[in-house]
J.: 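Just passing along the structure, written as C-alpha cells.
None of the values given here were measured: they were computed from a predicted structure. Chain A is the first sequence line, chain B the second, and so forth, proteins listed ahead of strands; every chain is numbered from 1.
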Amino acid sequence: MSDGPVLRREESTLSNAYDHAAIERRWQQHWEKQQLFRARNPGDLDFDPKARKYYVLDMFPYPSGSGLHVGHAVGYIGTDVVARKKRMEGCNVLHPMGWDAFGLPAEQYAIATGKHPSETNKTNTANYRRQLKLIGLSYDWSREIDTSDPRYYKWTQWIFKRLFERGLAYQAEVPVWWCEELKTVLANEEVINGRSERGNFPCVRRPLKQWMLAITKYAERLLEDLDGLDWPESIKAQQREWIGKSEGAEIEFEVEGGAGKLVVFTTRPDTLWGATFMVVAPEHALLKKVPASHRAAVDAYVAQAAAKSELERTDLAKDKSGVFTGLYAHNPAFERGDARGRIPIWTADYVMAGYGTGAIMSVPGHDERDHEFATKFELPIVEVVRAPHGVKGFADGACFCDDGVAVNSGPLDGLATPAAKKKAIELLAARGVGKPRVTYKLRDWLFSRQRYWGEPFPLLHLADGTTIAVADDALPIELPRLDDFKPSSDGSAPLARAKQWVETRDPKSGASARRNTDTMPGWAGSCWYWLRFMDPANAREPWARDAESYWGPVDLYVGGAAHAVMHLLYSRFWHKVLFDVGLVHTKEPFQKLFNQGLLTAFAYEDGTGRLVANTELEERDGRFFKRGTNEPVTQIVTKMAKSLGNVVNPDDIVKEYGADTLRLYELFMGPLADSKPWNTRDIAGSRRFVERVWRMLVDPDRDDHVRPHLSIDQARPELTGESLELEKHFHRALAKVDSSFEHFNFNTAIAALMTFVNEASKRPQALTRAQGERFVLALSPFAPHVAEELWQRFGHEQSLVRESWPKVDPRFLEDDTIEIPVQVLGKLRGKVVVAKGAAEPEIVAAAKAAVPTWLEGKTLVKTIVVPQKLVNFVVR
RNA sequence: GGGGAAGUGGCGAAAUCGGCAGACGCAUGGGACUUAAAAUCCCAAGCCGGCAACGGCGUCCGGGUUCAAGUCCCGGCUUCCCCA
C-alpha cells in the first residue's frame, strides 16, 4: 500500500513557530489528495483480506440552514478518534458521512426562505461538508450520500416495494394526527401533548386514508432481539416501553338483553371474581345499544369526552368522570342467575378506544383507576387478592395492585397471583369464554405524508380501484420539480398539482393510471442508509451482497439519545424485513450503540428571570453584570439555542485556536456520554497543551525540524536515569489512553498525555527520539494535524494514518518501591515507602514507626494490611 | 404520572475491586524573566482555626453496614433527559 510521499520539506511551514492555520490546511489537503481515509471494499484492487473490518458510524445530520454548532461536533469528534485509532491498529475502517436531506424541517425552511428545497439543500450540505472537513474528521468522502438524490431514493422506493410485496405496507382509513398549520398528518411520535414536534402547532385527530407499515408484526422480534445488543440499558428500556408488551387474557362478557358480547383485555384475569362493573370507551360501538332511558345522558357525555385530549383523559390526578349506560353484563366467573355476576356497564373517558379492545372489566379492589372510579360513584369493591403480610391491603382500605394470594375467587382461592392467572385462563378457555392474549402498545407505523419534500411512492392506482407497484426497472419514480410546493389548504398533497406527473399509464396493460401523490415521512431515508454506505455507487442493486457480508453489522453507532425510539426502532424494523428477504446477513443493524451527551452552554438571567444575551454581558472580578451597569446576572446552564444567544460556531473556534485545539477541548471537557457545559474561557488550556507539545519537540528559536537531541536516531542504548523515568511515564500515559477507549472518557486520555508533557518538560534533555515519536502517534487520534506535522519533522515520508499504534510494555508500569498510606482508625496519619515485594511484618513495622504519636498510650486492637495498598491500625 | 441519568473545590472534572478525595485543566494569588507588557517558567491554593508544625470539618441531605464509604444498603431533596 502506498500513501505517496508527504509534502517535501521546502513546502512545509518556514517558521518554527506553531502555526495552526498553515498546518491544518496542509494536512487536510494532503489527506484529501492521497485519499487516506478511503475504505477498501472486497474486490477493490488494494483490498487486504487479512485486515479486520471496523464500521464506525455517526447518526447522519439533516443539514439545516444554520450549520453546525460545537455541540453537534462532540459525537463526530468522538467517532473520529475511534476511527483513527482503529486504522492504526490495522483495521480496514469504514467511516462515512452523508445527509438526511428529505423531510419536514428542510421543507419548512424552504418555505420560510422562498427557495426550492433542492437549492437550500445544496447550499446547506456544502456548508456542513466544509465545516466537517475543517475539524479534520477522517470521513471517506467518496461514499457521501444524500437521501434526496434520485440515485439514493431509487433504492428507498425499491425497499418499500419489498415491504409492499410482503403485505407489510397497506392503506387504511385511520384516525390520524392532522396538523392544520403544517397541512399534513403526523405520526404519534411527532405529536407531543397535542402539538406538533416541529413548530409546536396544534393538532387534531381526523380519520384519513393513509399508508401504514405493519411494524406490529415485528413487535415480538423487535423486543426479543434487544437482549443481544450492546446498547445503553436506558435505550433498551425505552424501546421495550414503547413496544409495551403485556401478557394477559381476552375475556367475553355477555351483555343482557341480547345486545351481544363485550370483549375485554386484562393482564389480571385472576381478579375476574372482583370485577364489579365494566367500562367502555366513549367511542365504543356498544353505546349504539344504550336504552332510550339513558340515551340523552350518554350522548351528552360522549360529546364532552370528544373535546378532551388524550392527556387530559389519562391523567391519573384528574377527577374521574363517567355515566351509567343502563346496560348490564354477566361476569363469566359466576353461574348464570347468580346476582353477584350481574354487573353494570358504564362509559368513562379514562378508557381509550385505541388500546386493547376499548373496554375493560373494572376491579376496584386492585386497580387504582377503577378504585377511584368506584369510590366516586359508590360502586361495590370486593377483595380478591390478599396482600402479603406487612403490606397495606384491602383491610387497611388501600388499593392493592401487586401480586398476592387469591381470595373470594372460588376455584382460585389460595393460589399465588401467577398461578391464579394461569388457572383463570384455563377455566375460561375450557368454557370458551376466554383465551390467553398478548397485546402491544406499539401501533402500526403511519407512513404517508401529504407533503412535497420526500420520496414518492412507487405505486400506481388503476381505474378499477386496485393499487400496483411499478416495475423495479422503472425506478426511481422521480419527485417532479414543483415551484409551488406549499401544502394545499384543503389538505390534499402538493404532488396532486403535478397533473402531468400524476396522470400516467400502466406500462403492462397500457391502461390509464394515477400515481400516488403522498410522500414518505422523513424517517424513510434513514432506515437503511448504513447499508448504502457499504456500496454507495452501486447502480444495479442497493448494495452488493459481498459488501454487506463484509461490512455488516455496524460495529459502533454514535448519536444523541433523542433518537432512542423512532429512528432506532424504524431502522431495526426495516433491517429485519431485509433480513427476511435475504438481503442482509444479520438480524440487527447496530451491534454497539453509544449516546454522546448533550453539550450545554451557560446563559444568564437578570433579577427578573429574563435571559440576557451573552453579548450583553461583562465580567468583573469573576462575576457577571449587564454591560455598562451594576446589575448582576446569574449563570444558568441550558441547551445551545439561537434564541438564548449562546450558540458557538466551530468555524470561529477553528479560526482562532485551530481544529486540534477544538477537538482536544471538546474531548477534555468530560466523558463523551456526559452532558456538560461549553465554556470558551477553558479552551486556552487545550491550546497551551498543543503549544507545549510543539515546544517539547521543536525549538522555535532554531530552524531545525526537531530539537537537535531528537534528530539523531541513537542505537537505542539501555534507558537509564531520567530517560528511564520518562519511559515509565510514557507507558503509564499510554495505558490510560488505551483504557479510555472502553468508556469513551477521552478526557482522562488527554489528562494523561498532559501529565507526560509536564514530566518531559521537567527533564528537557532526557526525552529520546523514540519516546517523542511514540508520543506523537498516541496524540494523533486526538490532535491529528499537529501530530502529522511533527511526524513529518521527525523525517518520516509517509503519513502516520496507518502507522502502528504504540504498545504498552507492562515492565515499565511498575516501580521498585511503593508508597503506602498509613491510617489510624481509618484516618490518614502518615505514609511509608517500602520495596515492592516487602513482606507484611516489615511493612507493619515501618508503618508503626511512621505514626508513633497516634499509637502512643493506645491499645492496638487490629491491624489491617491491604497488600501494596494500605495499612490501617485499629486502636482503643 | 412513568422510565432513565446525575449531584464532588470559584468552574470543567478525576478517583477498575469499598482502601491517600480533588489527578488533569480553567480562573485566581504570588514570584522569576522584561525598560515595560504579552508570552513563558516556577510556587501557592477544598473549607475553618493557627505565625507555624498541626488539628478539625469535608464528595446533595438524614440514617445504616464496615477497620475503612464519593463508591454498598434504606429514606429524602434537587437538576437534566426521554416518554405520557
Side-chain angles (χ1 to χ4, degrees), chain A residues 17 188-189 191-194 232-242 244 309-318 352 368-369 441 560-566 595 597-598 600 602 619 621-623 635-639 664-671 673-689 691-692 695 700 732-733 735-736 739-740 742-743 745 747-758 761-762 764 818-832 853 860-876:
Chain A
N188 285 332
E189 304 87 293
V191 178
I192 294 158
N193 293 347
E233 276 309 314
S234 61
I235 301 288
K236 289 195 198 180
Q238 282 179 58
Q239 293 223 344
R240 287 193 189 103
E241 170 76 14
W242 191 262
S309 74
E310 198 152 310
L311 177 74
E312 286 173 309
R313 287 175 55 169
T314 48
D315 193 343
L316 277 171
K318 280 273 150 51
M352 297 297 142
E368 290 281 358
R369 287 170 308 177
K441 265 198 290 191
H563 298 102
V565 176
M566 289 178 267
N595 296 123
L598 202 70
T600 54
F602 294 119
E619 189 179 353
D621 304 327
R623 298 184 58 209
Q635 196 179 59
I636 57 164
V637 170
T638 77
K639 62 181 179 189
L664 287 167
Y665 172 62
E666 293 218 9
L667 298 170
F668 187 62
M669 287 168 78
D674 287 12
S675 170
K676 51 217 173 247
W678 173 275
N679 193 348
T680 301
R681 185 191 73 187
D682 292 348
I683 297 172
S686 297
R687 168 71 187 207
R688 280 202 274 263
F689 170 60
E691 291 183 8
R692 278 165 69 84
R695 287 198 310 271
R732 264 176 229 148
K736 282 186 183 160
S739 66
S740 73
E742 285 164 33
H743 300 290
N745 48 348
N747 53 326
T748 61
I750 292 164
L753 294 170
M754 285 174 168
T755 303
F756 176 79
V757 174
N758 291 346
S761 65
K762 284 183 209 160
I818 35 175
E819 192 186 51
I820 291 184
V822 182
Q823 297 183 338
V824 178
L825 284 170
K827 286 198 189 333
L828 180 71
R829 297 302 181 192
K831 288 178 185 182
V832 284
T853 53
L860 188 59
V861 179
K862 200 173 173 187
T863 304
I864 313 268
V865 180
V866 184
Q868 317 283 309
K869 271 273 169 71
L870 159 144
V871 177
N872 186 13
F873 294 114
V874 184
V875 296
R876 208 167 29 219

J.: Are any of the side-chain heavy atoms of A:R687 and A:E691 separated by less than 4.5 Å?
T.: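 Contact flag for A:R687/A:E691 side chains = yes.
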J.: Using whole Å, what does the distance between atom C1' of nucleotide B:U28 and atom CG of A:D682 come to?
T.: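 One finds 13 Å between C1' of B:U28 and CG of A:D682, rounded.
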J.: For a 4.5 angstrom cut-off between non-hydrogen side-chain atoms, does A:F689 reach A:L753?
T.: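 Yes, their side chains come closer than 4.5 Å.
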J.: Using a cut-off of 4.0 Å on non-hydrogen atoms, how would the nucleic acid contact of A:P671 be classed: base, sugar-phosphate, or nothing?
T.: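 Here A:P671 touches the backbone only, sparing every base.
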J.: Write down the distance separating the C1' atoms in B:U59 and B:A14, rounded off to the nearest Å.
T.: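 It works out to 12 Å between them.
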J.: Under 3.5 Å for both donor-acceptor distances, Watson-Crick or wobble: does B:G1 have a partner, and if so which one?
T.: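 Matched B:G1 with B:C83 under the 3.5 Å cut-off.
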J.: What's the closest nucleotide to the side chain of A:T755 if the choices are B:C24, B:G19, B:C26?
T.: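 Selected nucleotide (nearest to the side chain): B:C24.
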J.: A:K869 side chain: which of B:C83, B:C24, B:G19 is closest?
T.: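 In terms of side-chain proximity for A:K869, the closest of B:C83, B:C24, B:G19 is B:G19.
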J.: In whole angstroms, how far is the P atom of B:A13 from the NZ atom of A:K676?
T.: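 For the pair A:K676 NZ and B:A13 P, the rounded distance is 8 Å.
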J.: With rounding to whole Å, what would you report as the distance between B:C54 and B:C61 at their P atoms?
T.: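 Rounded to whole Å, the distance is 28 Å.
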J.: Just N and O in the side chain of A:N747: are any of them under 4.0 Å from OP1 or OP2 of B:A14?
T.: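 For B:A14, OP1 or OP2 has a side-chain N or O of A:N747 closer than 4.0 Å.
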J.: What form does the base of B:G7 take, syn (within 90° of 0) or anti?
T.: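 Base orientation relative to the sugar is anti.
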J.: Which whole-number value in Å describes the distance from A:F689 CZ to B:C26 P?
T.: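 Nearest whole value for this atom pair: 12 Å.
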J.: Minimum heavy-atom separation for A:V865 and A:P867, please, with both atom names.
T.: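 Residues A:V865 and A:P867, closest heavy atoms: O-CD, 3.5 Å.
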J.: Just by distance, do the side chain of A:Y665 and the backbone of A:N679 share a donor-acceptor pair under 3.5 Å?
T.: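 Here the side-chain-to-backbone pair exists.
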J.: Closest heavy-atom contact between A:V565 and A:Q239?
T.: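 It is O-NE2, 3.9 Å.
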J.: Taking B:A38 as the reference, what is the distance to B:A32 when you measure between their P atoms (whole Å, please)?
T.: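 It works out to 14 Å between them.
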J.: Heavy atoms only: give me the nearest A:E666-A:W678 pair and the separation to one decimal.
T.: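 Smallest interatomic distance, heavy atoms only, reads OE2-CZ3, 3.6 Å.
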J.: Counting Watson-Crick and G-U wobble pairs only, both distances under 3.5 Å, name the nucleotide matched with B:U40, or none.
T.: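 Across any shown strand, B:U40 pairs with B:A32.
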J.: Would you find a donor on one side and an acceptor on the other, under 3.5 Å apart, between the side chain of A:T863 and the backbone of A:F873?
T.: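 Here the side-chain-to-backbone pair does not exist.
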J.: Is the base of B:C77 syn or anti, if syn means a glycosidic angle within 90° of 0?
T.: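 B:C77: anti glycosidic orientation.
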J.: Paired with B:C17: which nucleotide, if any, by Watson-Crick or G-U wobble criteria at under 3.5 Å for both distances?
T.: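 Because no pair has both required distances under 3.5 Å, B:C17 counts as unpaired.
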J.: How long is the line joining NE2 of A:H563 and P of B:G4, in whole Å?
T.: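 It works out to 22 Å between those atoms.
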J.: With a 3.5 angstrom cut-off on both distances, give the Watson-Crick or G-U wobble partner of B:U78, or none if there isn't one.
T.: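 WC or wobble partner is B:A6.
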J.: Starting at the 5' end of nucleotides 67-73 of chain B, put B wherever the base has a protein heavy atom under 4.0 Å, S where only the sugar-phosphate does, and a dash everywhere else.
T.: B------
J.: Which nucleotide wins on minimum distance to the side chain of A:F668, given the candidates B:G12, B:C20, B:A23?
T.: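 For A:F668, the side-chain atoms sit closest to B:G12.
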J.: When the distance from CH2 of A:W242 to C1' of B:G3 is rounded to whole Å, what number comes out?
T.: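 That distance rounds to 13 Å.
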J.: Which protein N or O atoms sit under 3.5 Å from an N or O of nucleotides 41-48 of chain B?
T.:
{"unit_1": "B:C41", "atom_1": "OP1", "unit_2": "A:R692", "atom_2": "NH1", "d": "2.5"}

J.: If you assign each of A:I750 and A:D674 to its closest nucleotide in RNA chain B, which residue comes earlier from the 5' end?
T.: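 By nearest-heavy-atom nucleotide position, the 5'-most residue is A:D674.
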J.: Using atom C1' of each nucleotide, how far apart are B:C74 and B:G2 to the nearest Å?
T.: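 Those two atoms are separated by 23 Å.
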J.: Looking only at non-hydrogen atoms, find the nearest pair between A:N745 and A:S739 and report the distance.
T.: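 Heavy-atom minimum between the residues: OD1-O, 4.4 Å.
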J.: Please give, in whole Å, the distance from B:A13 P to A:N745 CG?
T.: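 In whole Å, B:A13 P lies 13 Å from A:N745 CG.
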J.: Taking B:G12 as the reference, what is the distance to B:A27 when you measure between their C1' atoms (whole Å, please)?
T.: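 Looking at atom C1' only, B:A27 and B:G12 are 11 Å apart.
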J.: Please name all residues satisfying salt bridge (charged side-chain N to carboxylate O under 4.0 Å, His left out) with A:K236, sequence neighbours left out, ordered by chain then number.
T.: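 Salt bridge (charged side-chain N to carboxylate O under 4.0 Å, His left out) check on A:K236 returns A:E233.
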J.: Quick test: give all pairs of protein nitrogen or oxygen and nucleotides 54-58 of chain B nitrogen or oxygen below 3.5 Å, distance rounded to 0.1 Å.
T.:
{"unit_1": "B:G56", "atom_1": "OP2", "unit_2": "A:R829", "atom_2": "NH1", "d": "3.3"}

J.: Rounded to the nearest angstrom, tell me the gap between atom CD1 in A:I818 and atom P in B:C20.
T.: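 Rounded to the whole Å, the gap is 14 Å.
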J.: Determine the Euclidean distance between corresponding C1' atoms of B:A68 and B:C11; express it in Å to zero decimal places.
T.: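 Taking atom C1' in both B:C11 and B:A68, they lie 31 Å apart.
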J.: Is there a Watson-Crick or G-U wobble partner for B:C57 with both distances under 3.5 Å, and which nucleotide is it?
T.: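 B:G46 is the nucleotide pairing with B:C57.
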J.: Using the P atoms only, state how far B:G19 lies from B:C72, rounded to an integer number of Å.
T.: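 One P to the other, the span is 11 Å.
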J.: Backbone N or O of A:G826 within a donor-acceptor pair of the A:N872 side chain at under 3.5 Å?
T.: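 Yes.
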J.: Flag the pair A:R692 / A:N758 as yes when at least one side-chain heavy-atom distance between them is below 4.5 Å, and no otherwise.
T.: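 They are in side-chain contact.
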J.: Measure from CH2 on A:W678 to P on B:G25 and round the result to the nearest Å.
T.: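 Atom-to-atom, A:W678 to B:G25, this comes out as 19 Å.
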J.: Which residues in residues 233-240 of chain A have at least one heavy atom lying under 4.0 Å from any atom of RNA chain B?
T.: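 Only A:S234, A:Q238 qualify.
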J.: Looking at every heavy atom in both A:L870 and A:I820, which two are closest together, and how far apart are they?
T.: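 That would be CA-CG2, 3.6 Å.
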J.: Do you know which two heavy atoms are closest between A:S740 and A:T748, and how far apart they sit?
T.: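 Heavy-atom minimum between the residues: CB-OG1, 3.8 Å.
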J.: Quote, to the nearest angstrom, the C1' distance that separates B:U66 from B:C17.
T.: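 So the two C1' atoms sit 15 Å from each other.
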J.: Report the residues that fulfil salt bridge (charged side-chain N to carboxylate O under 4.0 Å, His left out) with A:K831, sequence neighbours left out, ordered by chain and then residue number.
T.: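 A:K831 satisfies salt bridge (charged side-chain N to carboxylate O under 4.0 Å, His left out) with no residue once adjacent residues are dropped.
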J.: Around atom NZ of A:K736, are there more than 12 heavy atoms of other residues, nucleotides or ligands at under 6.0 Å?
T.: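 Atom NZ in A:K736 is not packed in, count stays at 12 or less.
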J.: With a 4.5 Å cut-off on side-chain heavy atoms, are A:L825 and A:V874 touching?
T.: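 Yes, their side chains come closer than 4.5 Å.
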